[in-house]
Protein chains: 2
Amino acid sequence: MTGQVRTVDGRVAGRRGQETRQKLLDCLREMLSTSPYRDVKVIDVARMAGTSPATFYQYFPDVEGAVLEIAEEMAEDSGGLKELVDGKSWAGKTGFTTSEELVDGFLAFWRKNDAILRVITLGAAEGDKRFFKIRMKVLNSVAAPLAEAVRNTQGKTDKTVDGSAIAGALVTLLAASAEHSKAFTSWGVKVKDLKPSLALQVYLGVTGKKPPK
Amino acid sequence: MTGQVRTVDGRVAGRRGQETRQKLLDCLREMLSTSPYRDVKVIDVARMAGTSPATFYQYFPDVEGAVLEIAEEMAEDSGGLKELVDGKSWAGKTGFTTSEELVDGFLAFWRKNDAILRVITLGAAEGDKRFFKIRMKVLNSVAAPLAEAVRNTQGKTDKTVDGSAIAGALVTLLAASAEHSKAFTSWGVKVKDLKPSLALQVYLGVTGKKPPK
DNA sequence: ACGGTAAGCTGACGGCATGACAGGACAAGT
DNA sequence: ACTTGTCCTGTCATGCCGTCAGCTTACCGT
């Protein structure tokens, strides 16, 4: 299914080769979280991995290519986010718990992968289709089931509600909040206070009502 | 007050120098909107401006330095966004119009400066204080008066409402929506439909009520 | 008009990253 | 030990970075 891992010049990579490749990816991941994207150089990644730049180019066309690889890995991982919404109830107090857990899980995921997601977000904003697609995959893992939840909860009583638009806005909000939580700090909102505030927004968006006391 | 414009080596720039400097900034701005940030090179900017790389380094320490300059200019410009909130009423139908105009004005501003804002957003997310500060200045031009509006509208009846948190979330949402409007398109939400949807969110957030029909 | 002075620009250069290649090291099977 | 295919690196041409010395240009006072 996945097809074998191949080098840039078409050879199939063996055990040792895959190890080196993986080590390069790990080092790149680390570099991304410590240096500005613009300053990440092939030579630094290679040095950190204890190998030479030439080796890097055997497995990846360039830094961007390797970044896409990491991104793809992460996108696979994002499938688990579905469980935060799928099959959950939005009624009454249980509903608010659902909302809190969603916010919590989403923020945790984003924070865990913040370095790579930062680059993906940039690439997507710049109009790069490959990055855009990956970003959509991550967001959709939550946005799709959430839109469904909105339709189930509000769609019956109010036909003018657009589930996709609401879910999209909520997911966009969550992603941006995770990426820029420091901004909230500077507004005097502690990270601890941020979560309930977002949970409230999500609950409001999905149900259209204020949460029960 | 502003202090004269100076070259990197301390000379004060005269008329001709300021022209060249400005031309370099203009070309950089253009480059940013056509190439990925990572690929913007000093030599390209210089070539486009019809000058030599050495000249570039006379006015800016590096690409980032010049970007900060453009960003600062833009941040000055963002002061006008205040008028979208200051002195506006949030009551009844007028309130919803206020919301619509705010969304419209904010999105227009963001779209007009999307290239530079993209870079600022990245820099802020990466933890660069200079970029962070500029981003806050732009966001605060709306967030600060908006928080005030929330307090005036809801704060009297409900002490648990945190105006800063709500205003912050709304502004974060608007910024991210502007930056990633393509994502909404892919969710089947047209740009035309996006605005009313955001206006609704803003109105809800500020007033805590559904808008009048 | 004419020199003096400071601004303005660039050619040239060492240094470093990129990206390609060919050849040597290495592991595994025979 | 020998072969085969994988794996790594030394080396090289190319191109960008960032600096400097030095030349040109504009402005100013006399």
Side-chain angles (χ1 to χ4, degrees), chain A residues 2-32 34-70 119 123, chain B residues 2-28 30-32 34-70 119 123 128:
Chain A
T2 56
Q4 293 154 307
V5 178
R6 287 182 175 275
T7 59
V8 166
D9 54 335
R11 265 204 323 281
V12 297
R15 199 208 80 239
R16 195 158 65 111
Q18 297 206 20
E19 269 173 29
T20 330
R21 202 184 115 101
Q22 193 56 48
K23 187 184 237 171
L24 284 167
L25 285 178
D26 292 343
C27 292
L28 173 54
R29 200 189 252 113
E30 162 116 29
M31 289 248 77
L32 285 177
T34 53
S35 323
Y37 181 45
R38 202 168 192 284
D39 298 341
V40 171
K41 307 286 178 200
V42 168
I43 198 168
D44 296 322
V45 177
R47 251 199 291 266
M48 183 184 285
T51 179
S52 83
T55 302
F56 181 96
Y57 285 107
Q58 205 148 55
Y59 295 105
F60 312 104
D62 49 25
V63 170
E64 208 182 76
V67 163
L68 277 166
E69 201 73 20
I70 296 177
V119 179
Chain B
T2 56
Q4 294 153 304
V5 177
R6 288 186 173 271
T7 59
V8 168
D9 53 335
R11 269 204 315 281
V12 298
R15 200 209 79 236
R16 193 156 70 111
Q18 297 206 21
E19 268 173 28
T20 322
R21 202 183 117 101
Q22 195 55 49
K23 188 183 239 177
L24 284 167
L25 285 178
D26 291 343
C27 291
L28 173 55
E30 161 116 30
M31 289 249 80
L32 284 177
T34 53
S35 324
Y37 182 44
R38 200 167 195 283
D39 298 341
V40 171
K41 309 285 180 199
V42 168
I43 198 171
D44 296 322
V45 177
R47 252 200 289 265
M48 184 183 286
T51 177
S52 84
T55 301
F56 182 97
Y57 286 105
Q58 209 153 52
Y59 296 105
F60 311 104
D62 50 24
V63 170
E64 211 181 71
V67 163
L68 278 165
E69 201 74 20
I70 296 178
V119 179
D128 186 302

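In what follows, chains are A, B, ... by sequence order, proteins preceding strands, each numbered from 1. Bear in mind the structure is a predicted one, so any value in this text is a computation, not a measurement.
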From [options], pick the nucleotide closest to the side chain of [X]?
X	options	result
A/T20	C/dC9, D/dC7, D/dG10	D/dC7
B/Y59	C/dC9, D/dT9, D/dT19	C/dC9
B/V42	D/dC17, C/dT18, C/dA17	D/dC17
B/R11	C/dA7, C/dG19, D/dG18	C/dA7

Heavy-atom distance under 4.5 Å between the side chains of [X] and [Y], does that happen here?
X	Y	answer
B/Y37	B/V67	yes
B/T20	B/Q58	no
B/V8	B/Y57	no
A/T55	A/S52	yes

Under 4.0 Å from OP1 or OP2 of [N]: is there any side-chain N or O of [X] that close?
X	N	value
B/R15	C/dA7	no
B/T51	C/dT10	yes
B/S52	C/dC9	no
B/T55	C/dT10	yes
B/Y57	D/dT19	no
A/T7	D/dC7	no

| Salt bridge B/E19-B/K23, side-chain N to carboxylate O under 4.0 Å |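 So B/E19 does not pair with B/K23 through a salt bridge.
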| Do NZ/NE/NH1/NH2 and the carboxylate oxygens of A/E69 and A/R21 come within less than 4.0 Å? |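 Salt bridge present between A/E69 and A/R21.
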Protein-nucleotide distance ([X], atom [atom1]; [N], atom [atom2]), rounded to Å:
X	N	atom1	atom2	result
A/Q22	D/dC7	CD	P	14 Å
A/D39	D/dC16	CG	P	18 Å
B/Q18	D/dA26	CD	C1'	15 Å
A/R21	D/dT6	CZ	P	16 Å
A/I43	D/dG10	CD1	P	12 Å
A/F60	C/dA20	CZ	C1'	18 Å
A/K41	C/dG19	NZ	P	11 Å
A/R47	C/dT18	CZ	P	10 Å

| If you find the nucleotide of DNA chain C closest to B/P53 and the one closest to B/V12, which residue's nucleotide is nearer the 5' end? |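 The residue whose closest nucleotide sits nearer the 5' end is B/V12.
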| query | On DNA chain C, nearest-nucleotide positions of B/G17 versus A/V40: which is more 5'? | reply |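 Closest to the 5' end, via its nearest nucleotide, is B/G17.
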| said: Pick the closest DNA chain D nucleotide for B/D44 and for A/Q58 by heavy atoms, then say which residue is nearer the 5' end. | reply: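 It is A/Q58 whose nearest nucleotide is closer to the 5' end.
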| query | Heavy atoms under 4.0 Å, any strand shown: does B/R16 hit a base, just sugar-phosphate, or nothing? | reply |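 Counting heavy atoms under 4.0 Å across all strands, the contact made by B/R16 is with sugar-phosphate only.
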